[in-house]
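Fair warning: this is a prediction, and the values are worked out from it, not measured in the lab.
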Amino acid sequence: MSAHPQTSAAPSAAASSPVLLAACFGFMVVQLDVTIVNVALPELATRLRSDLAGLQWVVDAYTLLFASLLLSAGALIDRIGARRSFLIGLGGFLLASAACGAAQTVAQLIAARAVQGLFAAPMVPASLALLNHACADDPPRRARAMALWTASGALAAATGSLAGGALLQTLGWRSIFLINLPICALGIALAWRLSETPRKPHQRLDLAGQTLAIVALLGLIGAIIETPRLGLDHPLVLAGFALAAVCGLAFLAVESRSAQPMLPLRLFGAPNFSVALATAIAISLSYYGLIFAMSLYLQQSAGYTPLQAGLAYVPLAAAFIAANLTSSRVLAQRGFRFAILAGLSACALGFAWLSLLPRDGAYLWILPAFVAIPAGMGVAMPATTTLVLASVDRSQSGTAAAVLNAVRQTGAALGVAVCGLLLSAGGIDGGLRIVCYVSIAALSVSIVLSRACIRGSGASASGNT
């Protein structure tokens with residue numbers, strides 16, 4: 001597939017612009033598809049005659065494959081090269097997006113979404129590897145490139161709901177998937193002529209660990225999603241929980257004995273590492289559960305059009321971006337502990353306010369929560385990322401970052417699954433309040449753990465963000 005079979009030296013500064021654009025296109029399309037689908041859920045329910053469980057699978061099929069394959073993506077990239085991995089990811093993602101747009105049933109859409117997640121997994125680490133290779137001889141330029149790459153993903157994720165609402169209102173639900181085609185095509189055109197990164201042909205893939213991770217996550221998420229439809233005592237639901245437990249324990253056993261594990265368990269012995277991952281899970285679970293619930297509430301209960309629902313998320317996106325831009329200053333001045341605790345507390349207060357939403361609550365009541373929750377996330381998540389990287393040796397930073405991203409996506413999948421369970425129990429209005437209570441509980445546990453376990457201010461490591 002490669003037009004450049006030999007690995008070349010790091011390209012010049014002039015050559016790094018196509019690399020940056022290609023990497024940004026790849027990261028943007030992956031992040032966009034995490035959020036853009038949520039605003040389309042009511043339309044999908046109508047057009048494809050889907051129940052709530054089907055809508056959960058539409059969201060989580062993508063997130064599950066993405067999360068479970070992220071840890072193996074790094075080894076794959078080392079083995080075949082970042083450029084080749086990136087092109088495979090973009091090409092597969094393009095075809096899967098076309099299949100999503102052509103789906104005639106919810107089952108077909110779920111299958112195509114799973115394939116999207118499969119090809120999304122190598123794109124994120126491959127894009128980072130390409131940037132690192134292109135700027136290896138110029139650290140300041142590499143820092144600028146990483147900042148722009150991060151900003152492109154954050155912008156895509158933050159504006160996904162608005163873009164989805166606009167597309168739904170004008171071109172229909174299929175357009176939210178078909179919009180990926182030109183983005184992927186541009187990324188492929190830019191990446192095709194790039195030089196390949198150094199390869200390690202003998203790099204082993206942890207196939208046993210990878211298989212067990214996928215089955216364990218699928219069993220857990222599937223059992224939670226299907227509980228309202230089948231009942232907690234249904235054999236398939238019980239089998240799902242049992243499969244998750246057995247495969248989870250087997251995964252830990254395999255990873256503890258593997259010479260090249262996809263998840264080195266020794267990382268959890270590092271100071272602050274585990275509590276940082278717990279914080280990431282709490283934030284992702286609560287945030288993505290909220291977006292799933294609010295997308296249904298705004299359109300099915302409050303009567304918003306898709307475009308109005310997308311516009312309703314603008315303050316949420318703006319607050320996240322603004323907080324993210326100021327997070328490095330907070331982290332540098334006050335350290336990990338303060339930034340994480342302040343961010344988690346703001347999130348919890350936002351959910352507490354939203355839990356008091358009147359039955360006929362106007363948008364002005366929702367607005368404070370749509371500022372406090374993303375502002376807290378925007379402060380806490382960069383601090384969490386920096387804490388993870390500061391907790392391990394530099395040689396393990398890539399693996400640690402992959403673990404963090406996998407944990408975030410797993411938290412997102414759990415958030416959607418649990419949210420659907422709660423909405424089924426309490427309806428959209430009552431279920432939304434229960435979602436808020438569960439989110440407050442998860443964030444409060446994380447606050448207690450962070451307060452008790454995070455050691456040191458971490459201000460000196462703030463440059464790692």
Just by distance, do the side chain of [X] and the backbone of [Y] share a donor-acceptor pair under 3.5 Å?
X	Y	value
Gln108	Gln104	yes
Gln409	Leu64	no
Gln116	Phe93	no
Ser450	Ile447	no
Arg174	Ala103	yes

How long is the span from the [atom1] atom in [X] to the [atom2] atom in [Y], to the nearest 0.5 Å?
X	Y	atom1	atom2	answer
Met381	Met377	CE	CE	6.5 Å
Met294	Phe370	CE	CZ	4.0 Å
Leu217	Leu65	CG	CG	10.0 Å
Leu344	Ile283	CG	CD1	5.0 Å
Leu90	Cys184	CG	SG	5.5 Å
Leu414	Ser286	CG	OG	12.0 Å

Less than 4.5 Å apart, any side-chain heavy atom of [X] and any of [Y]?
X	Y	answer
Val29	Met123	yes
Leu168	Ser175	no
Val314	Leu162	yes
Asp51	Leu55	no
Tyr287	Leu316	yes
Tyr62	Leu118	no
Phe119	Leu69	no
Phe351	Leu290	yes

Yes or no on side chain to side chain contact (heavy atoms under 4.5 Å, CB included) for Phe25 and Ile188, after CA distance, side-chain angles and deciding distance? CA-CA 9 Å; Phe25 278 129; Ile188 291 171; over 6 Å; no

Using a 6.0 Å cut-off, check whether atom CZ of Arg47 has over 12 heavy atoms from anything other than its own residue. no

Side chain to side chain contact (heavy atoms under 4.5 Å, CB included) assessment of Trp173 paired with Leu167: CA-CA 7 Å; Trp173 70 266; Leu167 289 169; over 6 Å; no

Heavy-atom pair with the smallest gap, counting every atom of [X] and [Y]:
X	Y	value
Ala22	Phe86	O-CZ, 3.1 Å
Pro374	Ala323	O-CB, 4.5 Å
Ile176	Ala40	CD1-CB, 3.6 Å
Leu432	Ala293	CD1-CB, 3.8 Å
Gly81	Ser85	O-OG, 2.8 Å
Leu32	Gly160	CD1-CA, 3.8 Å

Just do the side chain to side chain donor-acceptor pair (under 3.5 Å) check on Ser97 and Asn180 with the steps written out, would you? CA-CA 6 Å; Ser97 297; Asn180 295 334; 3.1 Å; yes

Give the intermediate values and the outcome of side chain to side chain contact (heavy atoms under 4.5 Å, CB included) for residues Leu421 and Ile225. CA-CA 7 Å; Leu421 180 64; Ile225 290 176; over 6 Å; no

Apply side chain to side chain donor-acceptor pair (under 3.5 Å) to Thr63 and Tyr288, showing your working. CA-CA 11 Å; Thr63 312; Tyr288 286 99; over 6 Å; no

Stepwise, does the side chain to side chain donor-acceptor pair (under 3.5 Å) test hold for Ser446 with Thr279? CA-CA 6 Å; Ser446 189; Thr279 298; 3.2 Å; yes

Go through it in stages, so that I can follow the logic: the residues are Leu263 and Phe251, the test is side chain to side chain contact (heavy atoms under 4.5 Å, CB included), and I'd like the CA-CA distance, side-chain angles, deciding distance and then a yes or no. CA-CA 9 Å; Leu263 177 61; Phe251 172 77; 3.7 Å; yes

Can a salt bridge be assigned to the pair Asp33 and Arg113 using a cut-off of 4.0 Å between side-chain N and carboxylate O? yes

